[in-house]
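Take a look at the structure set out below.
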2 protein chains.
Amino acid sequence: MSSSSENLGRRGKSPHSGLDAQEPDEALSKQAWALLFELMSAHMRNFPALAAEFELSPVQAHVVRQLGEGPLAMSTLANYLSCDASNVTGLVDRMEARGLVERRSSEQDRRVKMLVLTEAGAALRERLLERMAEPPELIAALADEDLRALRDIMRRALRPQ
Amino acid sequence: MSSSSENLGRRGKSPHSGLDAQEPDEALSKQAWALLFELMSAHMRNFPALAAEFELSPVQAHVVRQLGEGPLAMSTLANYLSCDASNVTGLVDRMEARGLVERRSSEQDRRVKMLVLTEAGAALRERLLERMAEPPELIAALADEDLRALRDIMRRALRPQ
DNA sequence: TATTGTTATACTCTATAACTATA
DNA sequence: TATAGTTATAGAGTATAACAATA
């Protein structure tokens, strides 16, 4: 499971230095990742409680969030959720019963059903997103300098040109 | 060569706070948090699949990880999992049936049952932790400079003073 | 009386397999 | 025949409430 065995220019991963490396240092990325993971684990553990503030299950909260981008086919949603399509039926049943989403038959392909948020669903989404946008204490307490650096690093990570 | 896009003459203060220079900028922390959240969401979505590599449910993987620190009372574990104690019974039943953990009655208080990893459980934990320590592609691909900055920022976030 | 863990019950999420209605 | 969604079934995670053993 060694990833990319063609690190030819790699200066080896000497335990200490790695000062002149052009290539990412494996030990360094593990250190950074471990800390990032620690911080995020602590936060993600609260997600069920956060969703419950809106009387949503964690998965339902995720769906509400995804659905804001526009109508989605059931199968596409199953894909986003990394789950079997059969599960989406019951999931959407419950959300539809609560008046959060609507099924609309596609006119191009009448097998397909498109999901859209109802007005109530969209309103709830607004509140949910606002709540989720609140940074956890540990982040909010960082100095501006660190926040700016963090933002820029995340931008580079997410949009790797 | 990096940077420069944000040093617009503002010395990093919020748009209208004017004088007070030491307070973190709320908009900035939200930006950083949104990006961090985006990256971690993408990664956390794979966690069930990662756990499944070891034939563990996500929660079981979490338990295996926690249990490595030493024996835990059932109630303590329930606390870590942020769930009701009644759930831990069935959870541990299944893990015990697979030979991963053991219940041991505490001798100080015979109501309490301490959980410990079996030898097989500890071995599996080693492999699991190693797997979880692998940084996702988006992180591993960052430049050393960014990784070092990220690591240091996370250290400051996690150990405030 | 209070606490630890269990049992009973119910709901949600998840997977697999068989089915329907379209295509 | 193949695909989108449904239904049926089963297992796991979760919550609440009632209970036994122990403190």
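A note on names: the letters A, B, ... follow the listed sequences, proteins ahead of strands, and every chain is numbered from 1.
- Counting any heavy atom pair closer than 4.0 Å across all strands shown, A:D109 reaches sugar-phosphate atoms only and no base atom.
- Residue order along DNA chain C, read from the 5' end via each residue's closest nucleotide, puts B:M114 first among A:S57 and B:M114.
- Residue A:Q108 contributes atom CD, which lies 22 Å from atom P of C:dA21 at whole-angstrom precision.
- Using a 4.0 Å cut-off between a side-chain N of Lys or Arg and a carboxylate O of Asp or Glu, B:D93 and B:R103 qualify as a salt bridge.
- A nucleotide of DNA chain D counts as in contact with chain A when one of its atoms lies under 4.0 Å from a heavy atom; the first and last such, 5' to 3', are D:dA2 to D:dT7.
- Residue A:V116 comes nearest to A:L67 through the heavy atom pair C-CD2, 4.3 Å, listed as atom of the first residue, atom of the second, then distance.
- Between A:E134 and A:R131 a salt bridge is recorded (basic side-chain N to carboxylate O distance below 4.0 Å).
- At the heavy-atom level, B:S86 lies under 4.0 Å from base atoms of the strands shown.
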- Message: Could you go through A:R155 and B:Q31, starting from their C-alpha distance and side-chain angles, then the distance that decides it, and tell me whether this counts as side chain to side chain contact (heavy atoms under 4.5 Å, CB included)?
- Response: CA-CA 10 Å; A:R155 280 179 180 160; B:Q31 289 170 15; 4.1 Å; yes
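- What separates CZ of B:R111 from C1' of C:dT3 is a distance of 4 Å, to the nearest Å.
- Regarding contacts with the backbone of C:dT7, every side-chain N or O of B:T89 stays at 4.0 angstrom or more from both OP1 and OP2.
- In this structure, B:N87 atom CG and C:dA10 atom P are separated by 16 Å, rounded to whole Å.
- Straight-line distance from the CG atom of B:L91 to the P atom of C:dT6: 11 Å, rounded to whole Å.
- Residues A:R104 and A:E102 are paired through a salt bridge, judged by an N-O separation under 4.0 Å between the basic side chain and the carboxylate.
- One finds a side-chain N or O of A:R94 lying less than 4.0 angstrom from the OP1 or OP2 phosphate oxygen of C:dC13.
- At the phosphate of C:dT3, neither OP1 nor OP2 sits under 4.0 Å from any side-chain N or O atom of B:S75.
- Counting to the nearest Å, the P atom of C:dG5 and the CG atom of B:N79 are 11 Å from each other.
- C:dA8 atom C1' lies 14 Å from atom CG of B:D93, rounded to whole Å.
- Comparing C:dT4, C:dT14, C:dT6 against the side chain of B:V112 picks out C:dT4 as the nearest.
- Using cut-offs of 30° and 60° on the angle between ring planes, the pair B:H43 and A:F37 is perpendicular.
- Shortest non-hydrogen contact noted between A:A73 and A:M114 is N-CE, 3.7 Å.
- The distance between atom CG of A:L81 and atom P of C:dT14, rounded to the nearest whole Å, is 7 Å.
- Taking atom CE of A:M74 as the reference point, atom P of C:dA21 lies 16 Å away to the nearest angstrom.
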